[in-house]
Amino acid sequence: MAAPDGAVVSTPGHAPHMAGMNPMHPAALGMAHAHGLPAHMSCMSDVDADPRDLEAFAERFKQRRIKLGVTQADVGSALANLKIPGVGSLSQSTICRFESLTLSHNNMIALKPILQAWLEEAEKSHREKLAKPELFSGAEKKRKRTSIAAPEKRSLEAYFALQPRPSSEKIAAIAEKLDLKKNVVRVWFCNQRQKQKRMKYSAGI
DNA sequence: ATGCATGAGTC
DNA sequence: ACTCATGCATA
């Protein structure tokens, strides 16, 4: 259950990505600074939502979403109906991560205005519940998810602690040692690094 | 809710 | 080859 109704979606098999998160992303333009902070930081960014606001919003968002009896997946697909330029649908995963703040700060800031817009629309038309026509249900290619066993995972974490960015050669060596595909190891390191940058556990915020 | 994966944009 | 936003599949 993905693409709601091949409307704004350009590529038939894939939802539009939010290509590069520019500090001036169109979707993030509507939110300026809503707090009365005395600006005296060296670098001035128009779009600076501090973590408190994001945290508060994410929480209210989830609470109201549930109040409306809407699932994370519902929100994701409903976003396409907002017809916001450059904004298509999102997955349950992303909505979930937004609510739990497990996204990068920049990602949170880019998504906030979009989800805020949806929330307002949803609460406004609370009475007139619209039926979503589920268009396709074809049986497509199933991606398989490799599962790294605990022992291997522990080794990877140990390597990561020593060297978060191993060279290609090093990755190959690790892969062979753990009997894993080199690509699996490479992706694991990428994901591990990305994990460190997620909002909730990031230091300095 | 979260692990592994993809793809666009960069460097 | 990496980062970043994002998602399918699965626990």
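These figures come from a predicted structure and were not determined experimentally. So that the names make sense, note that chain A is the first sequence line, chain B the second, and so on, each numbered from 1.
Contact annotation: A/Ser93 does not reach the phosphate of C/dG7 (side-chain N/O to OP1 or OP2, under 4.0 Å). Dashed line: the shortest gap from a side-chain N or O of A/Lys144 to OP1 or OP2 of C/dA9 is not under 4.0 Å. At C/dC2, none of the side-chain N or O atoms of A/Gln194 fall inside 4.0 Å of OP1 or OP2 (strictly under the cut-off).
No hydrogens or angles were tested; on distance alone, a donor-acceptor pair under 3.5 Å links the side chain of A/Arg97 to the base of B/dG3. Between the side chain of A/Arg145 and the base of B/dC4, no donor-acceptor pair of N or O atoms lies under 3.5 Å. Donor-acceptor pairing under 3.5 Å, judged by distance alone, is absent between the side chain of A/Ser147 and the base of C/dT10.
Sorted by first and then second residue, the side-chain hydrogen bond (donor to acceptor under 3.5 Å, both in side chains) pairs involving residues 57-68 of chain A (not counting sequence neighbours) are A/Arg64-A/Glu123, A/Arg65-A/Glu99. For residues 154-181 of chain A, the side-chain hydrogen bond (donor to acceptor under 3.5 Å, both in side chains) pairs, not counting sequence neighbours, are A/Ser168-A/Lys182.
Applying the side chain to side chain contact (heavy atoms under 4.5 Å, CB included) criterion to A/Ser147, with sequence neighbours excluded, gives no partner residue. For A/Gln192, the side chain to side chain contact (heavy atoms under 4.5 Å, CB included) criterion is met by A/Phe160, A/Trp188, A/Lys195, not counting sequence neighbours.
Listed by residue number, the members of residues 148-165 of chain A with any heavy atom below 4.0 angstrom from DNA chain B are A/Ile148, A/Lys153. Within residues 186-193 of chain A, the residues having any heavy atom under 4.0 Å from DNA chain C are, by residue number, A/Arg186, A/Cys190, A/Arg193.
Heavy atoms of A/Thr94 sit under 4.0 angstrom from primed sugar atoms or phosphate atoms, though from no base atom.
Comment: A/Lys124 engages A/Glu121 in a salt bridge, judged by a side-chain N to carboxylate O separation of less than 4.0 angstrom.
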